[in-house]
Amino acid sequence: MRRNRVVIKIGHLAARSGEKVMGSIGVPETTIKLPVTLINGNKAGKTVLITGGVHNAEYTGIETAIRLADEIQPDEISGCLILIHPVNTSGFEKRTMSVVAEDGKNLNRIFPGNPNGTEGDKLCHFLATAVLSQIDFYIDLHAGDGYENLTPYVYYLGAAAPEVVEQSKVMAQKVNVRYLVKSFTTTGGVYNYAGSCGIPSILIERGGQGRWSEEEVKLYKADVKNVLRHLAVLEGTVNANEYEQVEIENVIYENASVNGCWYPYKKAGEMIKKGEELGVIKDYFGKVLQSCSAKYDGLILYQVSSLCILKNEAMVVYGEVEN
Ligand SMILES: [Zn+2]
């Protein structure tokens with residue numbers, strides 16, 4: 001499918017075979033303008049979507065998408081690349097955490113949106129109808145949010161058609177991180193929704209805490225390029241993974257039951273033992289409001305790093321290491 005594409009088009013932007021086109025696309029019935037790059041290769045092949053900034057303060061993913069859009073040229077490509085950098089522009093420009101500035105909604109919870117809803121709903125509807133409808137594969141670039149510390153890992157689809165799950169897993173294996181997480185959510189997220197449409201997809205987590213560095217972006221770009229080579233969209237040979245990858249299973253989100261001050265005792269990427277205390281929430285007077293203990297031996301994928309913790313938010317997220 002979708003071979004020998006003469007022209008790729010989103011909104012008013014169009015790239016003919018051998019062209020790269022960059023520009024802002026207005027989301028219908030909103031004030032949102034999406035920065036998009038279309039790269040239409042000289043040769044036939046698949047179409048891949050790369051997004052950064054579905055969560056607007058996850059800067060490593062955003063900067064990686066910006067760099068890839070700048071660096072990759074049509075003569076290196078077989079097929080097409082669509083890059084959106086970032087997706088949540090209004091959140092980026094207001095420096096919110098996680099949410100669209102106009103309506104306070106998290107784009108990764110409301111997919112596929114609604115053409116008659118709020119700004120975020122309309123943005124999701126536009127992505128679902130005008131973008132996801134055109135793609136064969138999807139790579140979503142995330143990081144820890146401004147208040148989250150994580151160890152690099154990659155999600156792949158677990159609740160899609162068997163061949164989609166398998167293709168997603170092989171894509172994840174080309175990402176140079178130690179940990180793989182199979183995700184079973186089917187609704188709400190952009191990447192999960194893509195899976196329900198039969199599009200093999202991965203979501204990479206690298207960096208966080210409102211920071212980014214040249215070193216992280218270099219690693220992140222190498223991850224994406226390696227997946228693109230595996231998909232035969234980018235020329236060049238696929239690099240072997242330097243890690244012996246393991247799956248993280250039975251992932252637990254330990255939620256805060258109160259607002260307060262959060263004192264984690266561990267770090268992302270640390271191994272934990274069943275029963276070990278992972279952190280406490282205290283009030284402003286130092287009184288302990290909640291204590292969090294590990295339910296089993298495992299590995300911490302990410303945790304809140306801000307002093308502020310919010311009720312119903314995950315304080316710490318961990319899972320069991322396979323075998
Ligand atoms: Zn995210």
Side-chain angles (χ1 to χ4, degrees), residues 34-35 49-66 68 83-101 103-113 120 123-124 127 132 138-158 168 172 175 177 179-195 201-213 216-217 219-220 223-224 227 248 251 253 255 268-269 300-306 310 312-319:
L34 282 181
L49 170 65
I50 298 167
T51 53
V54 166
H55 293 141
N56 57 278
E58 298 177 358
Y59 299 130
T60 47
I62 295 170
E63 182 58 15
T64 299
I66 289 173
L68 290 169
L83 297 108
I84 309 179
H85 42 92
V87 175
N88 182 3
T89 47
S90 69
F92 186 89
E93 289 161 17
K94 293 275 192 251
R95 208 195 283 134
T96 68
M97 299 281 176
S98 322
V99 297
V100 174
D103 57 19
K105 290 186 179 176
N106 182 331
L107 296 174
N108 237 19
R109 305 283 180 272
I110 58 170
F111 226 75
L123 170 56
C124 287
L127 292 174
L132 291 191
Y138 178 31
I139 306 169
D140 194 12
L141 310 181
H142 285 245
D145 212 316
Y147 52 90
E148 286 168 350
N149 170 236
L150 59 73
T151 190
Y153 66 100
V154 55
Y155 289 104
Y156 69 93
L157 295 170
S168 303
V175 177
V177 294
Y179 304 114
L180 261 56
V181 181
K182 188 175 189 173
S183 56
F184 293 96
T185 313
T186 53
T187 55
V190 191
Y191 133 98
N192 315 96
Y193 179 80
S201 307
I202 56 172
L203 188 159
I204 308 174
E205 299 275 12
R206 194 187 263 293
Q209 301 189 107
R211 299 186 178 126
W212 68 277
S213 66
E216 285 168 316
V217 169
L219 292 169
Y220 220 151
D223 288 337
V224 177
V227 177
I248 302 299
V251 174
Y253 296 78
N255 285 344
I300 297 180
L301 286 170
Y302 72 90
Q303 64 184 9
V304 167
S305 55
S306 65
L310 301 177
N312 297 328
E313 171 180 80
M315 299 172 279
V316 51
V317 176
Y318 59 93

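Below, each value reflects all heavy atoms present in this structure, side chains not excepted, and no hydrogens, waters or symmetry copies. Numbering of ligands and ligand atoms starts at 1, following listing order.
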Check whether any side-chain N or O of N88 sits under 3.5 Å from a backbone N or O of V99 as a donor-acceptor pair, and report yes or no.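 Side chain of N88 to backbone of V99: a pair is present.
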Item to check | Donor-acceptor pair, side chain of Y59 and main chain of G207, under 3.5 angstrom | outcome: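 It does not hold such a pair.
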Side chains of T185 and N192: do they bring a donor and an acceptor to under 3.5 Å?
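No, no side-chain donor-acceptor pair sits under 3.5 Å.
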**Asked** In terms of side-chain heavy atoms, does D140 have a donor or acceptor partner in T51 at a distance below 3.5 Å?
**Response**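 On atom types as modelled, these side chains qualify, holding a pair under 3.5 Å.
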message = Let me check your reading of the structure: within less than 2.8 Å of the Zn ion (ligand 1), is there an N/O/S atom from E58?
response =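 E58 does place an N, O or S atom closer than 2.8 Å to the Zn ion (ligand 1).
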* Can you tell me the N, O or S atom of H142 that's nearest the Zn ion (ligand 1)? ->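 Within H142, restricted to N, O or S, the Zn ion (ligand 1) is closest to atom ND1.
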* Asked: What N/O/S atom of H55 gets nearest to the Zn ion (ligand 1)?
  ->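 Considering only N, O and S atoms, H55 comes nearest to the Zn ion (ligand 1) through ND1.
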